[in-house]
Amino acid sequence: MSRKFSKEPIRGMDDYYPSDLREVNWIIETIRDITERYGYEEYATPQIEPVEIFAAKSSDELVNEQSFIIEKKEGERLILIPELTPSLARMVAKKSQELKKPIRWFSVPTCFRYERPQRGRRRAFFQPNVDILGEESLYADLEIFNIIIDIFTEFGATAEQFQIYYNSRRFMDSISNFILKLDISKIPLVYKALDKSDKMDEEEFEKYLIDIFEDEVIIQGIFKLKDAKSVDELLRKFDNIPEEFYQSEGYLEITNFNRLLKEINLSNYCTFSSGTVRGLDYYTGIIYEVFDTGKENIRSIFGGGRYDDLLSIFSEEKITGTGFGMGVYTLSLFLNTYGLIPNDIKEKDYSDTIYIASINEDMSTYAFELARIIRDEDFPCIIDYRFKNLKNQLKRANDLGVIIVLIIGPEELTERTITIRNMVSEEQKAVDLDELIDEIYDIIDQFGNNKFEQ
Ligand code: HAM
């Protein structure tokens with residue numbers, strides 16, 4: 001016997017059977033509808049890019065440890081995109097003169113990360129991205145928060161079940177600069193340390209900080225940045241805050257943003273979190289991550305933030321952007337946890353499908369002719385190609401949940417008629433070809449529109 005190959009996809013990657021993909025598409029369609037309400041347009045990028053554009057400002061860990069790299073020719077290093085933002089920046093930079101600002105764009109790439117497969121993490125995943133570019137004001141960040149909240153509430157989630165944890169890189173810069181008195185070149189190391197802090201216990205974290213910063217005062221300061229849940233709580237941890245800190249861009253940004261969230265009644269869904277700093281290097285302003293507030297799903301569901309300088313790797317023009325990426329997989333785990341996925345979402349609905357059953361194969365041409373008429377009317381139509389044993393054909397139609405079956409035999413073929421069978425009432429009658437569509441609509445009206453909604 002010849003060797004058989006494994007039926008499994010490679011580790012960390014998934015097959016999506018139609019019923020699985022139906023759930024994925026239901027999630028993506030819901031998000032697409034919401035972004036359209038805000039005036040976003042869809043775009044797409046290649047799934048393979050030059051490594052450099054990710055190496056420049058994403059993160060060393062992402063590129064060097066968590067990416068699939070392809071080297072087809074010597075000196076040419078390509079990457080299977082681990083995220084979308086650098087590609088988006090490249091596309092916007094390329095046509096920045098022609099694109100009308102602000103740019104509101106939406107995309108659903110498959111991203112690839114060489115991570116340990118676990119609950120909430122796969123090696124290939126759908127990651128819808130929503131970004132607004134060319135709008136500097138905090139209103140853009142606010143719009144993104146609004147979209148995130150609309151997505152969750154559209155699925156039926158409540159503020160008790162999810163929270164957007166947010167912070168501002170500018171605010172953390174101001175703290176590092178004015179309060180911790182850190183050299184500006186060391187600030188990215190603070191982000192790196194805080195981003196890693198929840199993966200380490202206290203002792204490991206302290207050792208990690210000692211290795212990098214050496215200075216005890218700074219180390220104690222970084223410890224204080226770890227887990228404050230309001231700006232006041234965070235600032236109370238420090239003595240002698242200089243007056244200039246309160247005039248700094250970062251302090252003003254976070255306090256203004258808090259005020260705006262309150263004014264448009266979003267505060268309930270959002271929690272300031274000093275430990276949220278994000279792992280990607282290009283963020284400069286408001287940053288955010290969405291988590292399940294319960295214990296079941298510990299990985300972030302959404303992550304995003306503002307990037308002011310990312311486009312500078314492609315052009316001299318300065319265009320700021322803010323947005324998020326969300327894992328369809330992480331969102332689906334969250335929705336399943338709270339019972340927010342309708343039971344029938346995984347089953348295809350055949351109730352508006354017209355099924356053609358034929359007494360024998362002589363009817364095949366007539367069956368194709370009928371199917372054309374029906375599909376032109378926008379009804380799905382299936383022809384049973386077994387062309388014998390009517391009972392079995394009706395059974396197959398019934399198993400799918402079909403309501404209307406068209407039966408054709410020698411008589412129907414000669415007289416250009418059709419026997420139309422209502423599978424629910426089990427009534428059937430012969431109709432002329434030119435009455436067929438009206439008869440189909442009659443049966444549909446009898447069952448009400450609900451039964452036939454996609
Ligand atoms: P990120 O935080 O790296 O941000 O990823 C965003 C989301 O993608 C995560 O919150 C998670 O839901 C999902 N995700 C990440 N890795 C995996 C994985 N291995 N398996 C399943 N889902 C995963 C970014 O990628 C930024 N580019 C987002 C962004 C857009 N920032 C601005 N615009």
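None of the values given here were measured: they were computed from a predicted structure. Both counts, for ligands and for their atoms, begin at 1 and track the order of listing.
- In terms of protein heavy atoms, atom 15 (C) of ligand 1 is closest to R113 NH1, 3.5 Å.
- Considering backbone and side-chain atoms alike, G327 places an N or O below 3.5 Å from some N or O of ligand 1.
- With respect to atom 33 (N) of ligand 1, the closest heavy atom belonging to the protein is D131 OD2, 2.8 Å.
- Among all non-hydrogen protein atoms, the one lying nearest atom 11 (C) of ligand 1 is S300 O, 3.6 Å.
- Atoms of ligand 1 found under 4.0 Å from any heavy atom of G325 (numbered from 1 in listed order, with element): 6 (C), 7 (C), 28 (C), 29 (C), 30 (C).
- Listed by chain and residue number, K395 satisfy the salt bridge (charged side-chain N to carboxylate O under 4.0 Å, His left out) test with D399 (two or more places apart in sequence, or in another chain).
- Between the CD1 atom of I147 and the OG1 atom of T35 there is a distance of 7.0 Å, given to the nearest 0.5 Å.
- Residue contacts with ligand 1, taken as heavy atom pairs separated by less than 4.0 Å, involve F302 solely via the backbone atoms N, CA, C and O.
- The protein heavy atom nearest to atom 32 (C) of ligand 1 is G323 O, 3.1 Å.
- Short contacts between ligand 1 and Y282, defined as distances under 4.0 Å to a heavy atom of the residue, involve ligand atoms 26 (C), 27 (N).
- Proximity of F334 to ligand 1, defined as any heavy-atom pair under 4.0 Å, is not found for any part of the residue.
- The residue L331 has no part lying near ligand 1, judged by heavy-atom distances below 4.0 Å.
- Aromatic ring centres of F223 and F205: separated by under 6.0 Å.
- Within ligand 1, counting atoms from 1 as listed, the ones closer than 4.0 Å to a heavy atom of T85 are 26 (C), 27 (N), 29 (C), 30 (C), 31 (N), 32 (C), 33 (N).
- Looking only at protein heavy atoms, the nearest one to atom 31 (N) of ligand 1 is Y283 OH, 2.7 Å.
- Counting atoms of ligand 1 from 1 in the listed order, those under 4.0 Å from a heavy atom of L280 are 4 (O), 24 (C), 26 (C).
- Ligand 1 has no N or O atom lying under 3.5 Å from any N or O atom of E289, backbone or side chain.
- Atom 27 (N) of ligand 1 has as its closest protein heavy atom E83 OE1, 2.4 Å.
- If you check each of I132, L310, I301, V328 against atom 12 (O) of ligand 1, the one with the closest non-hydrogen atom is I301.
- Here the heavy atom of the protein found nearest to atom 5 (O) of ligand 1 is Q127 NE2, 3.2 Å.
- Each of F152, F257, Y269 was checked for a ring pair (Phe, Tyr, Trp, His ring centres under 6.0 Å) with F145, and the lone residue meeting it is F257.
- Geometrically, R123 engages Y114 in a cation-pi contact defined by less than 6.0 Å to the ring centre and at most 45° from the axis.
- Ligand 1 has no N or O atom lying under 3.5 Å from any N or O atom of N129, backbone or side chain.
- The nearest pair of heavy atoms linking R22 to K346 is NH1-O, 2.5 Å.
- Here the protein heavy atom with the shortest distance to atom 4 (O) of ligand 1 is R278 NH2, 2.9 Å.
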